[in-house]
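Worth saying up front: this structure is predicted, and the values here are computed from it rather than measured.
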Amino acid sequence: SVLISYSHTHNPALKRSPLSIVTALVDKIDMRQHTIYPDCDIKFTGHVTWVGKTSIEAKMHMSQYCNGAYAPVLDATFVMVARDPENKRAAFVNPLKPEGPEDETLLQEGEANKSRRVELSTASLLKVAPTDEERKVVHGLFLNTLDTKTVSFRSRVLPPNSVWMEDAKLKGLEICHPQVRGRRRVIITI
């Protein structure tokens, strides 16, 4: 998706891109086939579906050659952002100019995806309190751990297929950063 975004913002008059393209979000990945064969050719295709002032939505399609034809394996949607070459501030990108009804449809889907992302971000717990329904679900989970014989906070019952938080260990966590900032690798297990 970075290559697609660079292609969209390409300026043939310049030897290098005046932009740094960064993945802001992997919005969606749909597995169409759960087996990827190590000995069959893989083909990636993709296109820009929506463009804002400084961001680009790019769709990627992966297919694999099996039984004489390419079959879809996965589809993914990424949101990329353009930064200035020093990665200090946002940079403007070329607008998207649809060329035909198919491009118009893709642009409308991209607009719908953007609206969905904005709506989801406004419902964040960092911005909005839980709804009554969400509070009832959490309270129900809490009640399911109470021992009905003692009805005490100190006497709890572990639901099936569950682990108490204090019995879980942080064994690892993977935080990725741009190459120049280094990388830490940790794995979480229960």
Side-chain angles (χ1 to χ4, degrees), residues 1-52 54-83 85 87 91 93-117 120-121 160-163 167-190:
S1 62
V2 172
L3 180 60
I4 291 169
S5 299
Y6 274 121
S7 297
H8 177 76
T9 60
H10 178 70
N11 181 347
L14 301 174
K15 291 184 179 181
R16 308 187 318 152
S17 175
L19 304 174
S20 176
I21 304 287
V22 182
T23 305
L25 170 71
V26 179
D27 190 33
K28 191 177 190 182
I29 297 178
D30 292 324
M31 293 296 294
R32 310 265 306 273
Q33 176 181 308
H34 292 283
T35 305
I36 300 174
Y37 302 100
D39 58 343
C40 295
D41 289 345
I42 292 175
K43 177 171 67 172
F44 287 94
T45 58
H47 50 274
V48 172
T49 53
W50 176 84
V51 172
T54 61
S55 58
I56 298 170
E57 181 186 271
K59 287 205 183 260
M60 294 287 306
H61 309 284
M62 180 179 149
S63 54
Q64 188 164 38
Y65 191 79
C66 290
N67 301 322
Y70 278 96
V73 176
L74 69 82
D75 297 321
T77 306
F78 297 87
V79 177
M80 314 303 289
V81 292
R83 309 286 295 167
N87 200 14
V93 295
N94 305 340
L96 186 61
K97 297 176 184 168
E99 298 174 359
E102 187 178 328
D103 287 353
E104 275 293 334
T105 302
L106 290 173
L107 182 61
Q108 289 170 358
E109 288 174 14
E111 284 288 343
N113 289 341
K114 182 194 185 278
S115 298
R116 179 184 46 80
R117 287 189 294 267
L120 284 173
S121 73
N161 300 320
S162 300
V163 175
D167 295 333
K169 286 183 187 174
L170 176 63
K171 187 175 179 185
L173 173 65
E174 191 166 322
I175 303 172
C176 299
H177 296 283
Q179 262 182 309
V180 295
R181 293 189 194 165
R183 185 176 140 214
R184 293 184 191 140
R185 180 180 164 91
V186 188
I187 299 169
I188 298 175
T189 57
I190 295 178

task: Please determine if R32 and D75 form a salt bridge, counting it only when a charged side-chain N lies under 4.0 Å from a carboxylate O.
output: yes

| request: Count the heavy atoms belonging to other residues, nucleotides or ligands that lie under 6.0 Å from CG of D39, then report whether that count exceeds 12. | output: yes

Between [X] and [Y], is any pair of side-chain heavy atoms under 4.5 Å apart?
| X | Y | answer |
| --- | --- | --- |
| F78 | V2 | no |
| V73 | I36 | yes |
| E109 | T49 | no |

Looking at [X] and [Y], what are the two nearest heavy atoms and their distance?
| X | Y | value |
| --- | --- | --- |
| C40 | Q64 | O-NE2, 3.1 Å |
| V81 | A24 | CG1-CB, 3.8 Å |
| G52 | V93 | O-CG2, 3.5 Å |

With sequence neighbours left out, the residues meeting side-chain hydrogen bond (donor to acceptor under 3.5 Å, both in side chains) with D30 are none

Exercise for review: Would you please test K59 and N113 for side chain to side chain contact (heavy atoms under 4.5 Å, CB included) and show each step?
Suggested key: CA-CA 12 Å; K59 287 205 183 260; N113 289 341; 4.0 Å; yes

Residue pairs meeting ring pair (Phe, Tyr, Trp, His ring centres under 6.0 Å), one or both in residues 26-51, sequence neighbours left out, come to H47-H61

Contacts of R117 meeting salt bridge (charged side-chain N to carboxylate O under 4.0 Å, His left out) (sequence neighbours excluded), chain-then-number -> D27, E57

